[in-house]
Amino acid sequence: MPKQILCISFSDIEADSRVLRQVTLLAEAGEVTTLSYGNRPPGSTTHLEIDSALPSLPQTLSGVLRLGLRRHASVELAAPAVKQALALVRGRSFDLIVANEARALPLAHAIAGATPVWGDMHEWAPEERAHVLPWRLLVKPYMWAICAKYLPRTTAVTAVNASIAALYSEQFGIDTEVVRNAGPYRDLVPSEPVAGKIRLVHSGAAIPGRNLEGTIEAFRALDDRFSLDLYLVKARDGGRYWQQLKELAAGDRRITFHDAVAPDELPATLNKYDVGVFSLPRAPPTTGSCSRTSSSTSSRPAWPWCSVPPPKPPG
């Protein structure tokens, strides 16, 4: 009988390239049940869809108050999306449970019993949205608390690169392995340059805190040799931030907004450009790590990357 694997992700799984690759890998080892927002992804045998309108963190007055009072244990399973997820898996059993990002850890361990849990932390959880004041005051301590509580109980822990893995190991006393944000090798030939033109591109999620407005404002200072193409996945804010960015860029014909492309199509799409642009404020301690992670997803090893601001040199 095939092994039964549960993959949990509080993201729109169809737009989450890391989790999509993960599901493909897991499908080689058994039958995969995915539990997430969005439609069933390739490789999933059974998909349990969480209502996209339900938040994965407490947002009621009671929930926020408990976060403020550091009553973290009382909110671990209290968010609407988590409650629905528990109901969806009721009566099912698994041989392995994969929790994507720290917020999925309490749910994974609540389901697991004696089943091993793999925690794929992706980035550094306590600083996920450190630019947002309520996050810093309420959610950052919660993320730290659940990492401290659950990571030592987790069978395997992974992160996107060595520096972030080292943070988890140092802060929580665990072994953390690296699983990079890299797709399969593509044998692509760099596109031919266009005389007198420099084609810039950025792909990613349209999420506040990614400083995409800074990218647009910086680009406007460049001369007419430059163009900027944006392939952005709209966030779960109904596309409000994406619309704000489009309004900011209005009137500059050199800036083009494209529909997001599927992860498998992204390498060939980006291969048409000259320089990738990545912009992120330096506030979180892992900004340098994030920029290196982003460049590792580039489709061209020799493709120049412009990081704004540039990561601090080591030491």
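Atoms CG and CG, on L151 and L105 in that order, are 5.5 Å from each other to the nearest 0.5 Å. Within the model, atoms CD of E127 and CD1 of I164 stand 11.0 Å from one another, a figure rounded to the nearest 0.5 Å. Distance check: T46 OG1 to L88 CG gives 12.0 Å after rounding to the nearest 0.5 Å. Here I97 contributes atom CD1 and I111 contributes atom CD1; the two are 5.5 Å apart, rounded to the nearest 0.5 Å. For the atom pair CG (N100) and OG1 (T158), the distance works out to 8.0 Å, reported to the nearest 0.5 Å. If you take OG1 on T34 and CD on E14, they are separated by 10.0 Å, rounding to the nearest 0.5 Å.
Between A260 and V233, the shortest heavy-atom distance links the atoms CB-CG2, 3.7 Å. The heavy-atom pair separating R254 from D223 by the smallest distance is NH1-O, 2.8 Å.
At a threshold of 4.5 Å between side-chain heavy atoms, the hydrophobic network of Ile, Leu, Val, Met, Phe, Trp and Tyr places I146 and W124 in one connected group. Residues I5 and I13 fall within the same hydrophobic cluster, defined by Ile, Leu, Val, Met, Phe, Trp and Tyr side chains chained together at heavy-atom separations under 4.5 Å. No single ILVMFWY cluster, assembled from side-chain heavy atoms under 4.5 Å apart, contains both V178 and M121.
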Task: Audit row: R186, D264, side chain to side chain contact (heavy atoms under 4.5 Å, CB included) steps and yes/no - done: CA-CA 10 Å; R186 307 295 179 93; D264 284 347; 3.9 Å; yes
Open item on the list: If you apply the rule ring-ring contact (aromatic ring centres under 6.0 Å, His included), what do you find for W144 with F172, and how did you get there?
Closed with: CA-CA 9 Å; W144 190 279; F172 303 112; 5.1 Å; yes
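Listed by chain and number, the residues in a ring-ring contact (aromatic ring centres under 6.0 Å, His included) with F94 amount to none (sequence neighbours excluded).
Side chains of Q84 and D51: a donor-acceptor N/O pair is absent below 3.5 angstrom, by distance only. Judged by distance alone, the side chains of S62 and T60 never bring a donor and an acceptor atom under 3.5 Å apart.
Of the candidates L26, V23, V32, L26 is the only one forming a side chain to side chain contact (heavy atoms under 4.5 Å, CB included) with V98.
Under a 4.0 Å N-O distance rule, the pair K272/D229 does not qualify as a salt bridge.
Within the 4.5 Å cutoff, the side chain of E31 has no heavy atoms near those of the T33 side chain.
Listed by first and then second residue, the ring-ring contact (aromatic ring centres under 6.0 Å, His included) pairs that reach into residues 203-244 are Y231-H258, W242-F257, sequence neighbours excluded.
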